[in-house]
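Here the structure is a predicted model, which means the values were calculated and not measured.
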Amino acid sequence: MNLVKLKDVIETLDNLKDSYNDLRLLIADQVRDKQIDEAKNNFEKLERLGKAIEQMENLNVQVRQMEFAG
């Protein structure tokens, strides 16, 4: 895998993490403002986003291992 693809993986991972943090803050605001239904819906999105981040992190590790091995 070339360096450009690795940069794309890292950039996508960073974007996902930013979105995750933004959504966490939104949920906290919604709970504070007693917007419970909206918070529950966003929490479900947060869980899916967390899984996507985990998958991207695993891919990032695999890519780095391939880079070091080859």
Where is the tightest heavy-atom contact between Leu46 and Leu23, given as atom of each residue plus distance? N-CD2, 3.5 Å
Please report the interatomic distance [atom1]([X]) to [atom2]([Y]), rounded to the nearest 0.5 Å.
X	Y	atom1	atom2	answer
Lys7	Glu11	NZ	CD	8.0 Å
Asp22	Ile27	CG	CD1	11.0 Å
Leu25	Asn42	CG	CG	12.0 Å
Asn21	Leu16	CG	CG	11.0 Å
Arg24	Phe43	CZ	CZ	11.0 Å
Leu26	Asp33	CG	CG	9.5 Å

Carboxylate-amine/guanidinium proximity below 4.0 Å for Asp14 and Lys17: no
Cut-off 3.5 Å, no hydrogens considered: what does the side-chain donor-acceptor table look like for residues 48-56, sequence neighbours left out?
none

